[in-house]
Amino acid sequence: MAQRIVETLIGRLMTDEQFRAAFLANPAGTLLDLRSRGLELTETEAAALIDTDPALWTRAAEGIHPRLRKASLVNDPSSESEKEHHV
């Protein structure tokens, strides 16, 4: 098992909004793409990531301080409407 790779993926799921969204929309496809680009992730590791409760990734991400998260360049319409309500 390449524990460092798994730890890196978990960290990315919690800090990279765009990556997390892609993974949640298509977990198997996202991991397959990474593996096709050379990421050494076993079938067992991929299956464990896919089988993890998807809500965990979102809950964990919400607990990470915003300064530690990767900025998303994609506009999220729901966040825009939230900004308008807080102004």
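- With sequence neighbours left out, the salt bridge (Lys or Arg N to Asp or Glu O under 4.0 Å) criterion links Arg69 to no other residue.
- In terms of modelled atom types and a separation under 3.5 Å, the side chain of Arg20 and the main chain of Arg12 share no donor-acceptor contact.
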Verdict with supporting geometry, Arg35 and Glu43, salt bridge (Lys or Arg N to Asp or Glu O under 4.0 Å): CA-CA 10 Å; Arg35 292 173 74 191; Glu43 289 290 332; 2.9 Å; yes
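- Between the CD atom of Glu40 and the OG1 atom of Thr42 there is a distance of 10.5 Å, given to the nearest 0.5 Å.
- The two residues Ala22 and Thr30 have their closest heavy-atom pair at O-OG1, 3.1 Å.
- Side-chain atoms of Phe19 and Leu34, non-hydrogen and from C-beta on, do get closer than 4.5 Å to each other.
- Of the candidates Thr8, Leu9, Ile10, Ile10 is the only one forming a side chain to side chain contact (heavy atoms under 4.5 Å, CB included) with Val6.
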Show which side-chain atoms of residues 51-60 pair as donor or acceptor with protein atoms under 3.5 Å away, not counting sequence neighbours.
| residue | atom | partner | partner atom | Å |
| --- | --- | --- | --- | --- |
| Thr52 | OG1 | Ala48 | O | 2.8 |
| Asp53 | OD1 | Ala55 | N | 3.1 |

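- Going from atom CZ of Arg67 over to atom OG1 of Thr15 covers 16.0 Å, rounded to the nearest 0.5 Å.
- Interatomic distance, Leu41 CG to Leu49 CG, rounded to the nearest 0.5 Å: 6.0 Å.
- To the nearest 0.5 angstrom, Leu31 atom CG is 5.0 Å from Ile50 atom CD1.
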